[in-house]
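In what follows, every heavy atom counts, from backbone to side chain, and hydrogens, waters and symmetry copies are set aside. Chain letters run A, B, ... following the sequence lines, proteins first, then strands; residues in each count from 1.
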Amino acid sequence: MQPHERKPSYAAAFAAPLVDPELETPAIVAGPSGKGAVKRYNVYRNNVTVSLIDALAAVYPAVQRITGRDFFRAMARFHIRATPPTSPLLFEYGRDFPAFIEGYEHAQAMPWLADTARLERAWLDAYHAEDAAPLSAETLAAVAPERLVDLVFIAHPATRIVRAPFSVVTIFAANRSGEEVGRIDASSPEDALITRPDLDVVVRHLPTGGAAFLLNLMTGQSLGEAAASALEASPAFDIVANIAGLIEAGAFAAITFGDA
Amino acid sequence: MNAVIKPAPAAAIAPCFPALPIGGLAGTSFRHEHLAAILAEGAQRGFFEVHAENYMGAGGPPHRALEAIRRDHPLSLHGVCMSIGGERPLDQAHLMRFKHLVERYEPALVSEHLAWSTHENTYFNDLLPLPYTAATLARVCDHIDEVQEAIDRPILLENPSTYVAFRESTMSETDFIRAIVRRTGCGLLLDINNVFVSATNHGFSAREYLADFPLSHVGEIHLAGHAEQADDEGTPLLIDSHDGPVADAVWKLYEIVIGQCGPVPTLVEWDSNIPDWPVLKAEAAAAQAILDRCHAILEDRHAAA
């Protein structure tokens with residue numbers, strides 16, 4: 001404990017009104033020669049709110065494109081007041097935004113908006129994830145066939161899955177391209193695989209059953225176990241094609257063998 | 001058997017960067033949108049400055065870009081979020097991230113702000129002001145000591161731009177800063193646009209502020225653009241917006257400062273409404289011309305002596 005710790009808190013008095021428009025300008029600040037400081041203090045309020053809205057807009061550009069700028073900024077302002085950032089790393093901010101969108105009264109007509117936000121959040125996490133060389137098809141091909149059932153895959157640090165009851169990959173792709181977006185049928189469920197084998201983040205549409213299969217592999221199930229549950233869920237599930245697709249996407253970093 | 005089969009980790013060995021001198025150079029903020037244009041020009045005279053927090057992710061394109069820039073240019077690592085002026089203890093995780101960046105990129109300059117941005121558990125994403133008192137001075141010095149110990153080198157502390165004053169302040173900003181330098185041994189990053197903005201906002205003379213500023217401890221200068229609004233009485237209130245060219249009045253002050261300090265490394269900051277690379281490069285070239293002229297005058301003096 002430092003002896004100079006227990007003075008009245010300037011930071012608490014200054015901070016509280018920054019994200020609460022109901023509160024008045026703190027009495028501890030003034031303009032020159034004791035002049036009023038309402039507009040002066042509002043510069044800080046504005047800096048905080050606008051920069052945090054901009055931060056959310058940078059994480060969720062497709063959501064903003066779908067809703068339009070004014071709708072997005074109003075929604076983001078509510079979220080910032082309810083859930084301001086706790087970390088100085090702004091690329092980590094907005095993890096709670098998809099859940100906020102889900103409950104946001106004015107977004108109820110766009111039930112797929114929250115999942116689009118989840119996909120954008122996963123995209124940014126993949127972008128900043130640790131670098132690693134993806135597992136190559138050659139490494140996998142060198143495994144003796146009788147050992148394949150015991151194979152355990154280690155996910156690449158960038159790999160993410162977003163499962164949605166809406167056409168989230170189609171919506172994301174259309175709204176992150178620079179091109180004009182036509183009408184999209186949002187009603188077909190789509191599972192997204194997000195990877196970054198090198199510099200570029202890639203978003204793919206996983207085939208039916210693919211997300212559950214990959215999730216099982218990522219939690220450490222052996223290839224034999226994961227294949228068995230995938231086939232149980234759908235006898236038509238194509239193990240070989242799915243594994244080939246995942247390798248090509250760079251979803252894995254390494255392979256190992258279980259305790260067998 | 002638990003052997004993990006994977007390709008050799010090509011990226012595991014941290015690259016070693018050359019120690020490039022930064023003395024007498026002008027630089028610019030580094031922006032990803034300029035990366036291709038910068039790399040296309042190859043190694044240039046000048047340095048780049050980055051906000052440390054933008055490179056605190058684990059991997060990906062940001063680090064790849066910064067490595068590419070750092071290979072051929074001196075780097076200035078500018079921390080924005082350490083909250084040195086805050087009331088709470090420094091965020092240890094953040095301090096460690098900062099330390100790792102210093103170790104990884106071996107920047108020629110390392111700086112932070114006389115401001116705060118975090119209180120309790122909230123990060124406000126703005127450089128907030130603090131009162132200048134004996135108590136805040138002691139705490140700021142403790143925080144700077146802690147940062148300098150963690151990174152094992154002195155930092156440059158940047159003077160703030162402010163819009164309000166605290167009724168409880170008992171010291172002038174220049175006295176406060178001078179005391180920090182004396183107690184912590186840190187250097188200073190003199191932001192001349194901040195001086196101009198604060199002088200206008202608080203009704204003091206920028207020249208007098210600079211005359212009172214401990215210029216011999218300045219290791220870097222910042223120049224930037226500002227915007228104009230009005231306060232409650234309708235008098236001009238300047239906003240430190242970093243969204244346009246450096247104002248003529250700021251260039252004028254810069255020439256005076258360089259005449260007194262010598263050719264101190266100078267950064268042109270431009271953080272929003274970012275122009276194409278040639279525009280930003282031209283702003284830096286204008287600063288470089290002033291630095292070079294100062295250098296030539298010093299050479300002449302040496303020759304004459």
Would you say [X] has more than 12 foreign heavy atoms packed within less than 6.0 Å of its [atom1]?
{"X": "A:Asp200", "atom1": "CG", "value": "no"}
{"X": "A:Glu179", "atom1": "CD", "value": "no"}
{"X": "B:Glu233", "atom1": "CD", "value": "yes"}
{"X": "B:Glu208", "atom1": "CD", "value": "no"}

Measuring from atom [atom1] of [X] to atom [atom2] of [Y], what distance do you get when rounded to the nearest 0.5 angstrom?
{"X": "A:Ile53", "Y": "B:Asn125", "atom1": "CD1", "atom2": "CG", "result": "12.0 Å"}
{"X": "B:Asp126", "Y": "A:Thr49", "atom1": "CG", "atom2": "OG1", "result": "10.0 Å"}
{"X": "A:Asn42", "Y": "B:Gln229", "atom1": "CG", "atom2": "CD", "result": "10.0 Å"}

Flag the pair [X] / [Y] as yes when at least one side-chain heavy-atom distance between them is below 4.5 Å, and no otherwise.
{"X": "B:Leu128", "Y": "A:Leu18", "value": "yes"}
{"X": "B:Pro62", "Y": "A:Tyr127", "value": "yes"}
{"X": "A:Ile28", "Y": "B:Arg167", "value": "no"}
{"X": "A:Ser9", "Y": "B:Glu120", "value": "no"}
{"X": "B:Tyr163", "Y": "A:Val29", "value": "no"}

Can you say whether [X] sits under 4.5 Å from chain A via the side chain, the backbone, both, or neither, judging by heavy atoms?
{"X": "B:Ala93", "result": "neither"}
{"X": "B:Leu127", "result": "backbone"}
{"X": "B:Thr162", "result": "both"}

Heaviest contributor of heavy-atom pairs below 4.5 Å to chain B, chosen from A:Tyr93, A:Phe14, A:Tyr41, is A:Phe14
When heavy-atom pairs shorter than 4.5 Å are enumerated against chain B, which of A:Ala132, A:Pro84, A:Pro32, A:Pro85 gives the highest number? A:Pro85
Work out which heavy atom in [X] is nearest to a heavy atom in [Y]; give both atom names and the distance.
{"X": "B:His119", "Y": "A:Ala11", "value": "ND1-CB, 3.4 Å"}
{"X": "B:Gly85", "Y": "A:Tyr10", "value": "O-OH, 2.5 Å"}
{"X": "A:Lys35", "Y": "B:Thr235", "value": "NZ-OG1, 3.3 Å"}
{"X": "A:Leu199", "Y": "B:Pro61", "value": "O-CG, 3.4 Å"}
{"X": "B:Leu237", "Y": "A:Val43", "value": "CD2-CG2, 3.8 Å"}
{"X": "B:Asp232", "Y": "A:Lys39", "value": "OD1-N, 2.8 Å"}

In terms of heavy-atom proximity below 4.5 Å to chain B, should [X] be classed as side chain, backbone, both, or neither?
{"X": "A:Ile80", "result": "neither"}
{"X": "A:Ala15", "result": "both"}
{"X": "A:Asp198", "result": "both"}

For chain A, which of [options] has the most heavy-atom pairs under 4.5 Å?
{"options": "B:Ser117, B:Pro129, B:Ala230, B:Gly203", "value": "B:Pro129"}
{"options": "B:Ser272, B:Gly86, B:Gly57, B:Gly60", "value": "B:Gly60"}
{"options": "B:Met56, B:His202, B:Arg64", "value": "B:Arg64"}

Under 3.5 Å donor-acceptor, A:Arg40 side chain and B:Asn201 backbone: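 Yes, because the side chain of A:Arg40 sits within donor-acceptor range (under 3.5 Å) of the backbone of B:Asn201.
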